[in-house]
Amino acid sequence: MAHLFLVKDIAFQAGLSTATVDRVLNGRPGVRRQTEMRVKAAIAELEKQQPGAMGSGRMLAIDIVMETPQRFSDAVRAAFEAEMATFLPGIFRCRFHFAEVMKPAELVQLLDRIRLRGTHGIVLKAPDVAEVAAAVARADAAGIPVVTLVTDLPNSARIAYAGADNRAAGETAAYLIGEFLGAGGGKVLVTLSSGRFRGEEEREIGFRRVIRARYPEIGITEISEGHGTDTATGTLAAAALAADPAINAVYSIGGGNRAVLAAFDAAKRPVRVFVAHDLDADNRALLAARRIGFVLHHDLKTDARSAFRAIMSRATALPRAVTPSLSSVEIVTPYNMPAAD
């Protein structure tokens, strides 16, 4: 396996021992396929980050931990990799830990493993549950700053939140759908990936508040726990449509939009208006094809920049902590969609 890096750097990036990495690099027996893939991924990440590391000063290694569908983790990875180069000569090196679904115990185990191995900071998208908050407290007590991303853990020891105002985003979705449906009303299918995420809960609260106050003729049906995956979300959407013939609009908080649209197609039901979140690859294609009407987007690069600055302020012991400002929510249509990076 050709590479230009020290074994210890690959091991650090992969979260493995140097002995294990050495076995993989030299093709020795007794190595699991999963371990080999972790080493290959670590080398690929180092190759991407190497141009910025050349001639840099202090290196700050951070771990980005997310439970999220791959289409969103891909967008987050791209945003963090793009922003790393803007922080020269104080270079960041990112290690990514992504899974579409993680049990709280698995997530806690990962956070504790990162804490024990060592890191300059953790960027975390995780459910707002007591076990995760306790793991964040352990990291903070060990001197490791934690920044929450996209969805917050407000009652934890995290040092900052990087993301949008989720309640305002939900209110914006309610306004768009309410004005579009008008006096004729209807019923909105609200999709959440999971009720455990504070950010999704805030979006739903904002949405329901505005619908209740301004558009009382519009009803709401909610589905949850599809984890943003197409198979599970599509099954939930199909069941909701079969149970309620009045559903004629969608506010997708948790993703799985292709599957939701497929459920409407299978039921031969129209969607009068569809509001989604985030300009990932799927939503770009659906927006361009006019399958969805609006995407509520916030710049993930801004969130990455905020996270880097918050961690740097702790790592360099600045006299005043950096408090990230909330990233703004943009309403994107097929006519003002920004070019892909």
So that I can tick it off, tell me whether [Y] and [X] are bridged by a salt bridge, with the cut-off set at under 4.0 angstrom between side-chain N and carboxylate O.
X: E36; Y: K40; value: yes
X: R291; Y: D282; value: no
X: R258; Y: D230; value: no
X: R115; Y: D112; value: yes

Using a cut-off of 6.0 Å, state whether more than 12 heavy atoms not belonging to [X] lie near its atom [atom1].
X: F98; atom1: CZ; answer: yes
X: Q109; atom1: CD; answer: no
X: E106; atom1: CD; answer: yes
X: R32; atom1: CZ; answer: no
X: R214; atom1: CZ; answer: no

Apply the salt bridge (charged side-chain N to carboxylate O under 4.0 Å, His left out) test between D152 and each candidate in R167, R203, R158; give the one that qualifies.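 Running salt bridge (charged side-chain N to carboxylate O under 4.0 Å, His left out) over R167, R203, R158 with D152 returns exactly one hit, R158.
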Please step through side chain to side chain contact (heavy atoms under 4.5 Å, CB included) for the pair I159 and V146, ending with a clear verdict. CA-CA 6 Å; I159 65 166; V146 177; over 6 Å; no
Just verifying a value: how many Å separate [X] [atom1] and [Y] [atom2], rounded to the nearest 0.5 Å?
X: E131; Y: L107; atom1: CD; atom2: CG; value: 9.5 Å
X: F264; Y: L241; atom1: CZ; atom2: CG; value: 4.5 Å
X: L300; Y: S327; atom1: CG; atom2: OG; value: 8.0 Å
X: E171; Y: L296; atom1: CD; atom2: CG; value: 12.0 Å
X: H297; Y: M337; atom1: NE2; atom2: CE; value: 11.0 Å
X: L192; Y: Y251; atom1: CG; atom2: OH; value: 8.5 Å

Strictly by modelled atom types, are [X] and [Y] linked by a side-chain donor-acceptor pair under 3.5 Å?
X: T333; Y: N336; value: yes
X: D278; Y: N283; value: no
X: H97; Y: D63; value: yes

Which residues satisfy the side-chain contact (heavy atoms from CB on, under 4.5 Å) test with S193, sequence neighbours excluded?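 If we apply the side-chain contact (heavy atoms from CB on, under 4.5 Å) test to S193, skipping adjacent residues, the hits are F197, E200.
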Side chain to side chain contact (heavy atoms under 4.5 Å, CB included) between D280 and D74: does it pass, once the steps are laid out? CA-CA 8 Å; D280 56 36; D74 286 346; over 6 Å; no
Could you state whether [X] and [Y] fall into the same hydrophobic cluster, counting links through intermediate Ile, Leu, Val, Met, Phe, Trp or Tyr residues with side-chain heavy atoms under 4.5 angstrom apart?
X: V260; Y: L236; answer: yes
X: I64; Y: M102; answer: no
X: L287; Y: L176; answer: no

CA sep, side-chain torsions, deciding dist, call: F207, R212, side chain to side chain contact (heavy atoms under 4.5 Å, CB included): CA-CA 9 Å; F207 183 81; R212 184 172 58 248; over 6 Å; no
Could you tell me if the ring centre of H277 sits under 6.0 Å from that of F72?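 No, the ring of H277 stays outside the 6.0 Å limit from the ring of F72, centre to centre.
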How about F308 and F80: are their ring centres within less than 6.0 Å of each other?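 Yes; F80 has its ring centre under 6.0 Å from that of F308.
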Is D265 reaching over with its side chain to a backbone N or O of P270, donor-acceptor style, under 3.5 angstrom?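 No, D265 side chain to P270 backbone: no donor-acceptor pair under 3.5 Å.
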Is the terminal nitrogen or CZ of R208 (NZ for Lys, CZ for Arg) located under 6.0 angstrom from the six-membered ring centre of Y215 and within 45° of that ring's axis?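 That pair does not qualify as a cation-pi contact.
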Take L149 and Y161 through the side chain to side chain contact (heavy atoms under 4.5 Å, CB included) test and state the conclusion after the steps. CA-CA 6 Å; L149 181 72; Y161 163 68; over 6 Å; no
